[in-house]
Number of protein chains: 2
Amino acid sequence: MVRPTMEDVALRAGVSRALVSLVMRGSPKVSDLRRTAVLKAAEELGYSPHAMARSLASRTSTVLGVMVSDLHNAFFAEVVDGIDEVAREQGFDIIINTGGRSPARERRALQSLLSFRPAGLVLLSPVVPATAIGKAAEQLPVVLVARSSRVSTVDTVNDDGETGARLAVEHLVSLGHKRIAHLDGGEGTQASPRRRGYVAAMEAHGLVPQVVSSEYTDAAGARAIRSLIADDALPTAILSCNDFNAVGAISALEDAGLRVPSDVSVVGYDNTSLAALRHVSLTTIDQPRAEFGRLAADALLQRVREERTEPVRHLLNPSLVVRSTTAPPGGPR
Amino acid sequence: MVRPTMEDVALRAGVSRALVSLVMRGSPKVSDLRRTAVLKAAEELGYSPHAMARSLASRTSTVLGVMVSDLHNAFFAEVVDGIDEVAREQGFDIIINTGGRSPARERRALQSLLSFRPAGLVLLSPVVPATAIGKAAEQLPVVLVARSSRVSTVDTVNDDGETGARLAVEHLVSLGHKRIAHLDGGEGTQASPRRRGYVAAMEAHGLVPQVVSSEYTDAAGARAIRSLIADDALPTAILSCNDFNAVGAISALEDAGLRVPSDVSVVGYDNTSLAALRHVSLTTIDQPRAEFGRLAADALLQRVREERTEPVRHLLNPSLVVRSTTAPPGGPR
DNA sequence: TCTATTGGTTGGAGCGCTCTAATGCTGTAG
DNA sequence: CTACAGCATTAGAGCGCTCCAACCAATAGA
C-alpha cells in the first residue's frame, strides 16, 4: 500500500530527482538516453506522479471542480459530458461533487471542492445564496450554468427560456390552437423566463394567457389538470414547465377520459430522455445541454489562462422537438 | 485570487503556525482564548485549509473517490447519496468522477482519481477489466458496487438478481399466469443472475421458460415484443430485464392494439423514477440503492481504518413493487 | 525549597513535488 | 589556449501543511 516516489525512480534510474521531474512533464531538454532509463525505472516501480504534491509545488492546478446541484437529474449528466470533453482536450481533469439541492449540503460541497484548490469551478444550477458564490469567485474563476448572476467576475451559461416558451406557443398556434394554458414552474429555476415568454407570445398573437400555478413534478402536473377540469377551464393545449409536469398532465387527462393529442395537445420542456421514450413521445423544447457544458468549460479555461477578465453571458437558443403529443384542436384529420 | 495560508492566520492571531493547525483540526488541547483568536483571524481572512497540503503532510487522506460508470443513470445517484451520507458522518469527503461507460475513459477517470491519493475507492458498476481493478486494489482499499469480483482484496455490494427475478415470477404465477417470457439483458451487468433466477423459478413451478434476447433499452424492449408477435409466440406476461425495456415493451404492445395489463402483464426491474410516474405506473423490482451506498462506504471505511482485511460480499435482497401493469390473465375482474 | 507533572504552545523537519540558479561539459570562435 | 556559448543535468529552496520533540509556565507533591 505504499507508493513509490520520484526519489525512488531517480535512484533506480541513476539520475537526480529533478531529471525525473522533467521527464514526467515531457520536457524536451532531456537526452533520449536518460529519458528511456527514467521511463523504464518508473514502469518497473509502478510509479505515477502525485497530483497533489505536484500542484502544491507548482502552485497551479490542472483540475476543474464541478458542483452538480442534483445528481438525480439527467439534465446535468449531459452538461458534465460537455465540460469533461473540453477539459480533457485541454489537459484538465474534473472532479465532481453534489449538493443534493440543499443549500447547507451545497455549501459543504463547495468548501470541499475549494479545499482541493482547483483551477476553476463550474456550478450547475446552484441553490446557495449569491454571496457564497461571490466569495468563491474572489478566490478562483467561477462559471454558473442554468443560473444567472450579476456578479461581474462570474461567467454564466443559460438557455433562453423566453424563446423556448415562444417556440412552443407558436407551434401550438400554427396548429390552430387559441386556448393555450401554461402550467407554471413556481419558484423553480428558469420558471420565470419561461412564463414571461409564454405570456409575451400569447399576447403577440392576440390570445389571452392562462397561467396555472404548478411545479416541476409529475404529481403537480396532474393536480393542475384536475383543477382545470374541475373549474371547467380546460383549454385545447397545455404548455408545461418541464417534461415531468407534462407527463403528469397527460396522465391526468387520460384518467379523465380525454385523449392526447386528439382532445388536448401537450408540450413539455427540457427534452429529457423521458420525453424520447416511445411510450411518452412528448413534443418538447430541447436545450443544447452538452453545448452548455462545452461553453462553460471554455469560458472557465479562458479565465484560468487569464485570457479574459470581463464576464461573458451565454444565452443559448432552445429548439422545438415535435413528437406525438401535439395536433390540431379537434384531433388530427 | 491569492488565498491566505496558515502562516497568515497565525500572524494575524499572534500565535504560531502549529497552533493554528491544532485549532483547524479541532484539537482539545488549545485554550479557549487562543482558539477564538485563531478562528476570528481565519474568518476575517477567509481562510480555509488546503486539503492537498494537509494530506501530503499527514500522509493520510479524508477523501473517498467514487467512480460512476454512467452519470446519466439515476440508479447511481441514489447509491452516491448513500455513500455521501456515511462518508460525511465519519468525516470524509467524496469526489466523484465519471467513466462514461467506455473502458478507456474509465481508465483515465480511475487514474485521475488515484492521483489525488484518496483513502479509498468506490467503483459503481465499472466496465474496466478486472486486472485494472486489481492493480488499483494493491494501492488502496476498493469496493465494487453492482459488479462482482473474485479479487480477494476487493469488497463487493450487489443485489441478488436471482431472488429479484424469482419474486417477479412468483407474483405473476400467483396471479394465474403460466406463459411468462423473459426479455433478457444480454451482456449487460446483472443480466445473467436475473435470467438464471427467472429460469429456476419457472422450472420450480413446472413452467416452461421462454427467454427472448433483448437489451437494457426501450427500443430493444419494443423490438422483442414485435418479434414475439410476428412469431405468434406472445405469452400472457412479460418479465423485462429492466424498466426501460419494460416501457418499450408496453409501448409496442399498445401499438399492436393490446392492452396492459388486461391482455398482457408486464414487470420491470430496478424501480427507477420512471416506473413510479403515474403515466407509467410499472410493477417492478426495487433494489435498495441508498443501502448499497451506505454498505459500500461502511465496508470501505472499515478497510481504511484497518479494522478488517478479509473481503466482504454483500448480497442485498430486492423487493417487489406492485403497480398497475400486472393483473390476472384475461384481465382484472 | 526543589523536583515532577500537566496542559498549552512552538520550532523545525519533512511530505512529494516544481522551479530557479548554478554546475559541468562539450564544441566553437577569437 | 582562453573565452564563451549552449546544452543537459542537478542541488536546494520552498509550496502549505502535520507531527514530533522540546519548551515553558503554573501547579502539585515531597
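Below, all heavy atoms of this structure are taken into account, side chains as well, without hydrogens, waters or symmetry copies. A, B, ... follow the sequence lines: proteins, then strands. Residue 1 opens every chain. Small disclaimer: the values here were computed from a predicted structure and weren't measured.
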| message | Let's see if you get this right: which residues in residues 5-14 of chain B place a heavy atom under 4.0 Å from DNA chain D? | response | B:T5, B:M6
| Tell me, which of residues 53-61 of chain A have any heavy atom that sits under 4.0 Å from an atom in DNA chain D? | A:L56, A:A57, A:R59
| remark: Taken in chain and number order and not counting sequence neighbours, the residues that satisfy side chain to side chain contact (heavy atoms under 4.5 Å, CB included) with B:A119 are B:S61, B:L64, B:F92, B:V304
Do you know which two heavy atoms are closest between [X] and [Y], and how far apart they sit?
X      : Y      : result
B:A109 : B:N97  : O-OD1, 3.4 Å
A:R303 : A:P141 : CB-CB, 3.7 Å
B:P49  : B:M24  : CG-SD, 4.3 Å

| field | Interface residues of residues 21-48 of chain A with DNA chain C (non-hydrogen, below 4.0 angstrom) | value | A:S21, A:R25, A:Y47
Does any N or O in the side chain of [X] come within less than 3.5 Å of the main-chain N or O of [Y], such that one atom is a donor and the other an acceptor?
X      : Y      : result
B:T36  : B:D32  : yes
A:T156 : A:R313 : no
A:N158 : A:R147 : yes
A:R34  : A:A13  : no

| field | A:S21 versus A:R25, side-chain donor and acceptor atoms under 3.5 Å | value | yes
| task | May I ask you to check whether B:D93 and A:Q111 show a side-chain donor-acceptor distance below 3.5 Å? | result | no
| said: Please compare B:S16 and B:R117 by the position of their nearest nucleotide in DNA chain C and report the one closer to 5'. | reply: B:S16
| said: With heavy atoms of chain B within less than 4.0 Å as the criterion, where does contact along DNA chain D begin and end? | reply: D:dG16 to D:dC19
| said: Tell me every residue that passes ring-ring contact (aromatic ring centres under 6.0 Å, His included) with A:F116, counting only those two or more places apart in sequence or in another chain. | reply: B:F116
| note | Rounded to the nearest 0.5 angstrom, the CG-CZ distance for A:D155 and A:R308 is 4.0 Å
